[in-house]
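Structure record follows, encoded as structure tokens.
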Protein chains: 2
Amino acid sequence: MATIYEVAKLAGVSLATISRVINQTAPVRESTKIKVEAAMKELGYRPNSVAQSLATNRSNSVGILVSELGGPFYSELISRIEAEFRNAGKHVIIAAGHSHEEVERERIEFLMSRNCDALILHVESVSDEYLQELAEQNKAFVIINRSVAALSDRCITLDNQLGGYLATEFLLRKGHKRIAYISGPMWKNDASERYKGHLQALKEYHIEEDISLFYEGDFQETGGVHGFAHLSAKHSKHSELGFTALVCGNDEMAAGAMAVAHDRGLDIPHDLSIVGFDNVNFSHYTYPKLTTIDYPIAEIGQMAARWVLKHVYKQDIERIQSVFKPRLMLRDSC
Amino acid sequence: MATIYEVAKLAGVSLATISRVINQTAPVRESTKIKVEAAMKELGYRPNSVAQSLATNRSNSVGILVSELGGPFYSELISRIEAEFRNAGKHVIIAAGHSHEEVERERIEFLMSRNCDALILHVESVSDEYLQELAEQNKAFVIINRSVAALSDRCITLDNQLGGYLATEFLLRKGHKRIAYISGPMWKNDASERYKGHLQALKEYHIEEDISLFYEGDFQETGGVHGFAHLSAKHSKHSELGFTALVCGNDEMAAGAMAVAHDRGLDIPHDLSIVGFDNVNFSHYTYPKLTTIDYPIAEIGQMAARWVLKHVYKQDIERIQSVFKPRLMLRDSC
DNA sequence: GCCTATTATGAAAGCGCTTTCATTTATAGC
DNA sequence: GCTATAAATGAAAGCGCTTTCATAATAGGC
């Protein structure tokens with residue numbers, strides 16, 4: 001790769017001038033500009049962004065940390081964030097924290113050492129205190145899908161409890177009385193919030209929590225499979241299910257449960273109604289199509305990107321919405 | 001962030017020594033090492049990897065360029081590549097080329113200007129010549145899912161034609177005679193190869209190509225929806241389908257077609273057999289579960305990562321497999 | 001055509017690190 | 001205890017760029 005020195009020599013000007021035409025940071029006479037551009041072209045010159053970054057302490061790139069790179073949920077999130085930044089001429093560096101505290105920390109440090117201008121964090125294991133410290137170090141970052149009270153101005157979240165409420169309330173309104181629940185790992189904030197919403201709805205309808213209708217899964221398909229097996233084993237008298245509806249903490253688990261229900265010869269929604277959560281891309285590939293709670297993940301990603309654009313790159317962004325509302329996507333599984 | 005200078009001052013040694021304990025590039029007396037480590041810890045020092053990268057011309061990061069960040073296919077690919085590199089202490093920088101030539105070029109240049117030690121490219125629009133030039137510039141990169149004859153030692157591909165063959169041959173063996181085909185965009189290499197395999201199987205069974213049974217879709221769900229509508233409109237006499245089986249260029253389109261077929265009251269597999277391609281994560285969430293061709297995308301990603309580990313980071317990797325074989329995943333849709 | 005007010009350009013330091021080469025310090029041999 | 005050798009350390013240049021400050025070129029006014 002040609003360096004700025006070679007360009008300068010070829011064009012017969014100094015480094016500073018080259019830099020000025022690259023960055024338009026000061027006026028350059030038209031004639032010299034043309035010379036420089038010709039030289040750059042001839043050498044196929046491209047500024048070394050590492051050197052630029054070192055000199056300016058800016059990298060024009062933002063770090064994104066998610067739990068996993070795979071899966072429909074994160075990939076949609078990442079995809080949207082990238083699109084938003086690409087529009088603005090910024091780039092993304094992506095890392096996965098795997099819901100593991102050490103890894104999350106390590107990744108954050110990596111992204112910081114990479115001189116990212118800002119971070120977008122979807123972290124689950126690192127403590128609130130750690131994040132607060134980070135904020136005190138004056139690092140620019142937004143948090144997605146988690147609310148830290150002291151950092152509320154930089155948290156972009158979904159009202160998970162409302163989502164859980166909507167799912168269950170809908171079923172109750174439909175007349176269901178015995179509603180099973182397969183949750184994600186309860187230590188994860190979103191999982192427990194969703195369940196809270198479920199309980200809230202039950203309470204409103206004067207139905208008591210029945211923990212035999214509860215199963216804590218893993219947010220994966222297998223969680224749904226095992227959960228359904230577990231719940232139905234417990235509750236089937238005369239091969240009949242002990243519940244008429246099932247709420248799942250996310251769509252993967254709903255799909256897993258649905259598959260097992262099919263295998264058992266159950267007719268959905270006739271014998272059993274199922275509601276998922278997330279409205280992930282494949283949720284309308286299931287049969288019957290899954291009724292679920294829409295998680296506007298793309299919009300949240302977009303908003304996080306805008307937060308960065310506004311606060312770090314000083315772009316003129318109107319309003320940053322920090323709490324998003326989920327809504328029920330009524331399809332065929334109820 | 002503390003710099004190496006501050007650490008040096010605090011520890012009472014020179015920069016060089018600090019550098020040596022960080023990189024273990026030369027022996028350091030145990031006692032000074034301890035001093036240095038204490039100083040680093042006290043200051044919360046982390047080497048600035050941008051500066052490191054500038055000084056060493058190495059970044060310990062590899063660039064990945066895929067067509068899209070979203071979707072099950074790419075996210076699995078990325079996820080596996082990242083996992084492989086994380087194990088090796090390397091990091092990934094991800095970009096999306098959106099199947100658009102200009103964007104692909106621009107992204108490649110970006111990744112190069114970022115000083116990536118190597119690139120893993122999944123590009124569709126950039127020309128073979130461009131890639132060859134890149135190779136001549138002595139840039140380390142592997143190409144995924146595309147074979148460029150002159151660069152065959154750095155291409156890792158799936159035998160797409162074999163996949164197409166397997167799908168159709170299976171149906172023919174089952175006795176199907178009229179097999180419709182919904183393809184991806186034919187300008188994309190993998191789409192046309194798959195179709196080639198389809199034709200090859202037909203030929204083997206002495207069945208002539210019937211272009212009224214062919215539809216060129218977009219590799220998206222909608223392609224399947226429109227494709228099915230198109231094919232069935234053309235062929236239904238007395239509300240009966242003109243074909244008994246349908247091969248789709250990928251699973252998304254298969255899922256789309258399947259949904260429409262359901263809506264039309266068709267019983268799958270009784271009235272119609274469907275085969276997809278890719279064996280993407282949701283393909284067993286469909287109902288009935290989709291028979292498809294397994295695309296070992298994770299393995300391909302892994303192999304690409306190993307190529308880099310071997311050729312760029314000089315790790316001791318045995319064999320690099322460059323062509324992968326697909327296989328039929330027999331499930332319930334046939 | 002000369003002086004001043006602008007505007008364009010260049011020289012050089014600095015960003016935080018690595019690495020070579022020279023120097024200092026420790027170790028061993030006698 | 002003194003030299004010969006090996007081991008540990010430091011000084012300084014360099015990676016490719018930006019940016020400040022000083023200087024050179026130009027334009028304008030008379």
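Chain letters run A, B, ... following the sequence lines, proteins first, then strands; residues in each count from 1.
A heavy atom lying under 4.0 Å from DNA chain C marks the following residues of residues 35-49 of chain B, by number: B/Tyr45, B/Arg46, B/Pro47, B/Asn48.
Of all the heavy atoms in A/Ala191 and A/Pro185, the pair that sits closest is CB-O, 3.2 Å.
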With sugar-phosphate taken as primed atoms, P, OP1 and OP2 and all else as base, the protein-contact string of nucleotides 6-14 of chain C at under 4.0 Å (heavy atoms; B, S, -) is --SBBB--B
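No engagement by A/Asn57 is indicated, since no non-hydrogen atom pair under 4.0 Å with the nucleic acid exists. Contact annotation for A/Ser19: base contact, defined as any heavy-atom pair under 4.0 Å involving a base atom.
Residues B/Glu82 and B/Arg86 meet the side-chain proximity criterion, which asks for heavy atoms closer than 4.5 Å. A heavy-atom distance below 4.5 Å is not found between the side chains of A/Arg107 and A/Val66.
Across D/dT18, C/dC17, C/dG16, the shortest atom-to-atom separation from the side chain of A/Gln52 is found for D/dT18.
Residue pairs meeting the salt bridge (Lys or Arg N to Asp or Glu O under 4.0 Å) criterion with at least one partner in residues 140-152 of chain A, sequence neighbours excluded, are A/Asp128-A/Arg146. The stretch residues 34-51 of chain B participates, sequence neighbours left out, in these salt bridge (Lys or Arg N to Asp or Glu O under 4.0 Å) pairs: A/Glu109-B/Arg46.
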N/O-N/O pairs, protein side and nucleotides 4-6 of chain D side, under 3.5 Å:
none

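The separation between B/Lys33 atom NZ and D/dA7 atom P is 17 Å, rounded to whole Å.
Where the helix from C/dG1-D/dC30 to C/dC30-D/dG1 starts and where it ends, the local axes point in directions that differ by 30°; five pairs per end, rounded to 10°.
Cation-pi geometry between A/Lys188 and A/Phe219 is not satisfied (NZ or CZ under 6.0 Å from the ring centre, within 45° of the ring normal).
Classification of the B/Tyr295-B/Phe73 ring pair by plane angle, with boundaries at 30° and 60°, yields perpendicular.
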